[in-house]
Amino acid sequence: MRKPLIAGNWKMNKTVEQARLLVSEMVPELHTVDVDTVLCPPFTTLMAVSAMLVGTRIGLGAQNLHWEASGAYTGEVSPQMVAELCQYVILGHSERRTYFGETDTTVNKKVKAALGVGLTPIVCVGETLEENEDKQTAAVVSRQVKVGLAELTTEQAMKLVIAYEPVWAIGTGRAATAAGANAVLADVIRPVLAEMFGKPASESIRILYGGSVTAANAAELFAQPDIDGGLVGGASLKSADFIKIVKAALS
Ligand code: 13P
């Protein structure tokens with residue numbers, strides 16, 4: 001059985017002070033809930049948030065890392081630096097692919113580097129609106145999974161999490177339908193994982209849905225057999241909404 005996981009991607013939001021306030025509202029409600037809950041705030045707030053999560057069941061994740069261990073990479077953060085504070089890291093988010101030139105190949109380097117320091121990567125895949133309209137969803141998502149997870153062992157693959165985030169659903173208020181999202185997971189992503197890592201691994205790897213998840217649509221999305229939780233953007237910045245979304249994964 002796959003345990004549900006809900007991750008909040010704060011993106012480029014919240015100062016340290018604002019982060020402390022948001023986390024202080026969430027911890028009392030979430031620290032005993034039996035859902036793997038992960039907060040992914042900006043790098044500058046990780047220290048402060050990690051101190052607040054000590055002794056809770058809530059995990060901490062970064063939103064990116066560089067694949068090299070150290071060196072002359074101005075502005076970058078190494079896997080080891082992230083692993084000092086976090087258990088998870090979001091990799092290959094569509095905003096990083098679109099605005100910062102990330103490719104399936106760089107995502108693959110990051111996935112390997114993250115696994116190498118014991119982090120759980122949350123690897124994002126998903127088609128654009130144009131690709132969706134061109135009926136390219138299966139081809140695009142298959143390629144992203146195949147290249148992004150290339151050369152991993154089955155044991156490594158079983159440690160990571162995949163997030164299917166159709167780009168057209170991110171921040172638009174237009175979530176995929178529950179059945180539509182489930183179909184991509186069941187008919188595209190799990191079969192590709194089975195081909196790469198075998199059927200048992202494909203059935204044990206958690207796959208999340210992301211893109212306009214709200215307190216109102218979460219329960220229906222998470223009730224789908226192949227959707228193992230959510231990667232939540234905007235609604236993770238409001239404690240009441242995020243708490244409802246995490247609790248929706250319980251039933
Ligand atoms: P929204 O929930 O704001 O649509 O963002 C989804 C997302 O990109 C999470 O990584």
Side-chain angles (χ1 to χ4, degrees), residues 5-12 36-50 53 58-126 140-165 167 170 189 192-193 195-198 201-202 204-208 210 228-229 231 233:
L5 187 151
I6 308 295
N9 175 9
W10 294 11
K11 309 193 180 182
M12 194 173 73
D36 287 346
T37 305
V38 183
L39 306 182
C40 303
F43 284 123
T44 49
T45 68
L46 288 173
M47 264 306 246
V49 174
S50 91
L53 298 183
I58 305 170
L60 188 62
Q63 299 172 16
N64 184 28
L65 50 66
H66 192 277
W67 58 84
E68 292 290 349
S70 64
Y73 300 99
T74 301
E76 294 291 321
V77 174
S78 79
Q80 190 62 51
M81 292 168 187
V82 172
E84 273 190 308
L85 295 169
C86 298
Q87 304 80 48
Y88 295 83
V89 61
I90 297 171
L91 294 175
H93 192 281
S94 67
E95 288 148 18
R96 300 229 38 102
R97 295 175 189 258
T98 304
Y99 305 131
F100 304 102
E102 293 203 12
T103 64
D104 296 330
T105 307
T106 59
V107 172
N108 181 244
K109 290 185 186 190
K110 292 180 181 202
V111 170
K112 290 176 185 161
L115 288 165
V117 295
L119 287 162
T120 299
I122 301 175
V123 185
C124 303
V125 298
V140 168
V141 172
S142 302
R143 187 206 69 224
Q144 290 171 331
V145 174
K146 280 185 189 157
V147 182
L149 308 190
E151 295 158 13
L152 299 189
T153 64
T154 296
E155 196 188 332
Q156 286 178 313
M158 286 172 71
K159 291 188 179 138
L160 56 77
V161 176
I162 294 178
Y164 170 58
E165 299 205 308
V167 180
I170 296 177
I189 300 180
V192 170
L193 293 173
E195 200 181 293
M196 295 176 78
F197 306 111
S202 76
S204 81
I205 294 171
R206 288 186 287 190
I207 310 180
L208 315 181
D228 303 317
L231 181 53

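Using a 4.5 Å heavy-atom cutoff, the side chains of Asp228 and Leu5 are not in contact. Contact of the Arg96 side chain with the Leu91 side chain is not registered, since no non-hydrogen atoms from C-beta on lie closer than 4.5 Å. Leu152 places a side-chain heavy atom less than 4.5 Å from the side chain of Leu160. Side chains of Val141 and Val192 form no contact here, defined as non-hydrogen atoms less than 4.5 Å apart.
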> Passes side-chain contact (heavy atoms from CB on, under 4.5 Å), Leu193 versus Leu149? Steps please.
Replying inline: CA-CA 9 Å; Leu193 293 173; Leu149 308 190; 3.8 Å; yes

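Checked against side chain to side chain donor-acceptor pair (under 3.5 Å), Glu95 has the following partners two or more places apart in sequence or in another chain: Lys11. Taking the salt bridge (Lys or Arg N to Asp or Glu O under 4.0 Å) definition, one finds that Lys146 meets it with Glu195, sequence neighbours left out. Judged as a salt bridge (Lys or Arg N to Asp or Glu O under 4.0 Å), and not counting sequence neighbours, Glu68 has no contacts. Annotation: side chain to side chain donor-acceptor pair (under 3.5 Å) contacts of Asn64 (sequence neighbours excluded): Lys110.
To the nearest 0.5 Å, the span separating CD on Glu155 from NZ on Lys159 amounts to 4.5 Å. Separating the CD atom in Gln144 from the OG1 atom in Thr103 is a distance of 11.0 Å, to the nearest 0.5 Å. Interatomic distance, Ser50 OG to Ile58 CD1, rounded to the nearest 0.5 Å: 12.5 Å. Note that CG of Leu46 is 6.0 Å distant from CG of Leu85, once rounded to the nearest 0.5 Å.
A ring-ring contact (aromatic ring centres under 6.0 Å, His included) check over residues 73-98, counting only residues at least two apart or in different chains, returns the pairs His66-Tyr73.
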Residues 111-124 side chain polar contacts: donor-acceptor under 3.5 Å, at least two apart:
unit_1, atom_1, unit_2, atom_2, d
Lys112, NZ, Asn108, OD1, 3.0
Lys112, NZ, Glu151, OE1, 2.5

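Between Ile6 and Gly229, the closest heavy-atom pair is CD1-CA, 3.9 Å. Leu53 and Gly59 get closest at one heavy-atom pair: CD1-O, 3.8 Å. The shortest heavy-atom contact between Gly126 and Val167 is O-CG2, 3.9 Å. When every heavy atom of Thr154 is checked against every heavy atom of Ala201, the shortest pair comes out as CG2-CB, 3.8 Å. A pairwise comparison of heavy atoms in Ser78 and Ala69 identifies CB-O, 3.3 Å as the closest pair.
The main-chain N or O of Ser94 is found under 3.5 Å from a side-chain atom of Thr98 such that the two form a donor-acceptor pair. The closest donor-acceptor contact from the side chain of Gln63 to the backbone of Ile90 lies at 3.5 Å or more, if one exists at all. For Arg97 (side chain) and Gly92 (main-chain N/O), a donor-acceptor pair under 3.5 Å exists by modelled atom type.
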